[in-house]
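A quick note: this is a predicted structure, and the numbers were derived from the prediction, not measured. Every chain is numbered from 1, with letters handed out A, B, ... down the list of sequences. Because only heavy atoms are used, hydrogens play no part in the values below, and waters and symmetry mates are left out as well, while side chains stay in.
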Number of protein chains: 2
Amino acid sequence: MWIHPDEHKVVGEVLADFRKQRGLRQQDLAGLLGKPQSFVSSYEAGQRRIDILELLRIASALGTAPNEIFTEIIHRASH
Amino acid sequence: MWIHPDEHKVVGEVLADFRKQRGLRQQDLAGLLGKPQSFVSSYEAGQRRIDILELLRIASALGTAPNEIFTEIIHRASH
DNA sequence: TACAGAATATCGGAATTTTCGATATTGGAT
DNA sequence: ATCCAATATCGAAAATTCCGATATTCTGTA
């Protein structure tokens, strides 16, 4: 148990949506990141934090600019 | 001991430079963040990771857009 | 240079988080 | 209802974080 203040759930949801938009499975993305599927599952559920470098790598794997992800997080967190 | 792959040092250096540009001491920024000075010292030295939400808060406290920080990190990390 | 005070860095060890494979659960299609 | 893909959860060892107290480094000034 523990972690996710609600805002971390928002982060996970945004990252999950970006992944799904690309038609990737957690396992696919995990492979690109060199991590197990449970890693992706965990952060998408807001159970694990993503640090700056991880975000850069995830954004890169998803073929998006980090700022796109940030913009969406801020947008959703403000509701 | 441990953490900082070199890239985490870059993250810390960038954040330190942004802080200094604003004429803030670690203690000042720490106060804005509700954390001890050792927190700022630690991540600026690349000894502690900064997660996405923390970056948003730090950027906000420094009066800059998160993307400015990212851009600089990517720029420096690519050298 | 020598000093004072400000600024930053380091320590220690308890608490929290992360790790990853194995397993369980859920979801979608037929 | 069954099959299989996709995602979620577990556990317990390893790694990281936490923060105040203290040490060190830095800066200006006599």
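Rounded to 10 degrees, the angle separating the terminal axes of the helix from C/dT1-D/dA30 to C/dT30-D/dA1 is 50°, with each axis obtained from five end pairs.
Every side chain to side chain donor-acceptor pair (under 3.5 Å) that A/Arg25 has, sequence neighbours left out, goes to A/Asp28. For A/Gln37, the side chain to side chain donor-acceptor pair (under 3.5 Å) criterion is met by A/Gln26, not counting sequence neighbours. Listed by chain and number, the residues in a side chain to side chain donor-acceptor pair (under 3.5 Å) with A/Glu72 are A/Arg76 (sequence neighbours excluded). Applying the ring pair (Phe, Tyr, Trp, His ring centres under 6.0 Å) criterion to B/Phe18, with sequence neighbours excluded, gives no partner residue.
Between the C1' atom of D/dT9 and the CD atom of A/Glu44 lies a distance of 15 Å, rounded to the nearest Å. One interatomic measurement links the two molecules: CZ of A/Arg49 to C1' of D/dC18, which rounds to 11 Å at whole-angstrom precision. One atom, OH of B/Tyr43, and another, C1' of C/dT10, lie 18 Å apart when rounded to the nearest Å. Whole-Å rounding puts the B/Gln47 CD to D/dT17 P distance at 10 Å. Taking atom CD of residue A/Glu54 and atom C1' of nucleotide D/dT16, one finds them 12 Å apart after rounding to whole Å.
One finds no side-chain N or O of B/Arg48 lying less than 4.0 angstrom from the OP1 or OP2 phosphate oxygen of D/dT16.
Nucleic acid contact class of A/Gln37 (heavy atoms, under 4.0 Å, all strands): base.
Within residues 18-36 of chain B, the residues having any heavy atom under 4.0 Å from DNA chain C are, by residue number, B/Arg19, B/Arg25, B/Gln26.
Sorted by first then second residue, the ring pair (Phe, Tyr, Trp, His ring centres under 6.0 Å) pairs that include residues 33-57 of chain B, not counting sequence neighbours, are B/Phe39-B/Tyr43. Residue pairs satisfying the salt bridge (charged side-chain N to carboxylate O under 4.0 Å, His left out) criterion with at least one member in residues 29-43 of chain B, sequence neighbours excluded, are absent. A ring pair (Phe, Tyr, Trp, His ring centres under 6.0 Å) check over residues 45-66 of chain A, counting only residues at least two apart or in different chains, returns nothing.
Listed candidates were C/dT19, C/dA22, D/dC19. Nearest to the side chain of B/Ser38 is D/dC19.
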All N/O pairs under 3.5 Å across the protein-nucleotides 24-30 of chain C interface:
none

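In terms of heavy atoms, B/Ala77 sits closest to B/Val10 at N-CG1, 4.2 Å.
Comparing B/Phe39 and A/Ser41 by the nucleotide of DNA chain D whose heavy atom lies nearest to each, the residue mapping closer to the 5' end is A/Ser41.
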I'd like a table of donor-acceptor pairs (distance under 3.5 Å, sequence neighbours excluded) in which one partner is a side-chain atom from residues 51-62 of chain A, with atom names and distances.
residue: A/Asp51; atom: OD1; partner: A/Leu53; partner atom: N; Å: 2.9
residue: A/Asp51; atom: OD1; partner: A/Glu54; partner atom: N; Å: 2.9
residue: A/Asp51; atom: OD2; partner: B/Arg49; partner atom: NE; Å: 3.3
residue: A/Glu54; atom: OE1; partner: A/Arg48; partner atom: NH1; Å: 3.1
residue: A/Glu54; atom: OE1; partner: A/Asp51; partner atom: N; Å: 2.9
residue: A/Glu54; atom: OE2; partner: A/Arg48; partner atom: NH2; Å: 2.8
residue: A/Arg57; atom: NH2; partner: B/Glu7; partner atom: OE1; Å: 2.7

#### Entry: Test side-chain contact (heavy atoms from CB on, under 4.5 Å) applied to A/Arg22 and A/Thr64, step by step
CA-CA 10 Å; A/Arg22 270 76 182 168; A/Thr64 190; 3.5 Å; yes
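Interatomic distance, CD1 of A/Ile73 versus CG of A/Asn67, reported as 10.5 Å (0.5 Å rounding).
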